[in-house]
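Encoded as structure tokens, the structure appears first; notes follow it.
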Amino acid sequence: MKACPLVQKQFHQLVNMKPAEIRAWARDPRSKCASFQETRDRLTKPQKYAGVMMRSLADLKALPSSEWRDRDCVYAQRVISFNTRHLGQMKRFGCTTRETVALRNWGHMPKCPMPPAGCSTRPPKRG
């Protein structure tokens, strides 16, 4: 993959948070309310990965398109797939805390109310 202008365009459309907003969200306790699990007092592998993933997402959002490498295009495609899939679910089921948090974790700030403090332990009802 030499260049990925279509992927870059889609990435910048779907990742509508600024790098500073992504980094701030990664530090917000509510960012752990979806996609990640905690065990006692330590972070699980997914949570450690989540911090790295959100930093990478913020770095990629800040990186000029001319400096993207093949691996950036591959990572951006994963972000596009995730956001597209979850936006579709949100369209079908509405704004749930888990969907809102998951999208924010992947750099998309949906037009939904800010998730409340604390996490719901119940999965959202579907269908």
What is the minimum heavy-atom distance between [X] and [Y], and which atoms define it?
X	Y	result
N105	L57	O-CD2, 3.9 Å
V7	C73	CG1-O, 3.7 Å
M109	N16	N-OD1, 2.6 Å
S31	A26	OG-O, 3.5 Å

[atom1]-[atom2] distance between [X] and [Y], expressed to the nearest 0.5 angstrom:
X	Y	atom1	atom2	answer
K91	Q89	NZ	CD	13.5 Å
T84	Q77	OG1	CD	8.0 Å
F82	L87	CZ	CG	9.5 Å
K61	K18	NZ	NZ	9.5 Å
L103	K111	CG	NZ	13.0 Å
H86	S81	NE2	OG	10.5 Å

V15 vs N83, test: side chain to side chain contact (heavy atoms under 4.5 Å, CB included). Steps then yes/no. CA-CA 8 Å; V15 178; N83 284 345; 4.2 Å; yes
In terms of ring plane angle, is the pair H12 and W68 parallel, tilted or perpendicular, where the classes change at 30° and 60°?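 The rings of H12 and W68 sit tilted, inter-plane angle from 30° to 60°.
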With clusters defined by side-chain heavy atoms of hydrophobic residues (ILVMFWY) lying less than 4.5 Å apart, directly or transitively, does I22 cluster with M114?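 As far as the 4.5 Å side-chain criterion goes, I22 and M114 are connected within one cluster.
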Transitive ILVMFWY side-chain link W106 to L63, under 4.5 Å: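 Yes, W106 connects to L63 through the hydrophobic network.
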Any [X] side-chain heavy atom under 4.5 Å of [Y] side chain:
X	Y	answer
M17	W25	yes
T100	M90	yes
L60	V79	no

By side chain to side chain contact (heavy atoms under 4.5 Å, CB included) - contacts of R27 (at least two apart):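 For R27, the residues satisfying side chain to side chain contact (heavy atoms under 4.5 Å, CB included) (neighbours in sequence not counted) are R23, A24.
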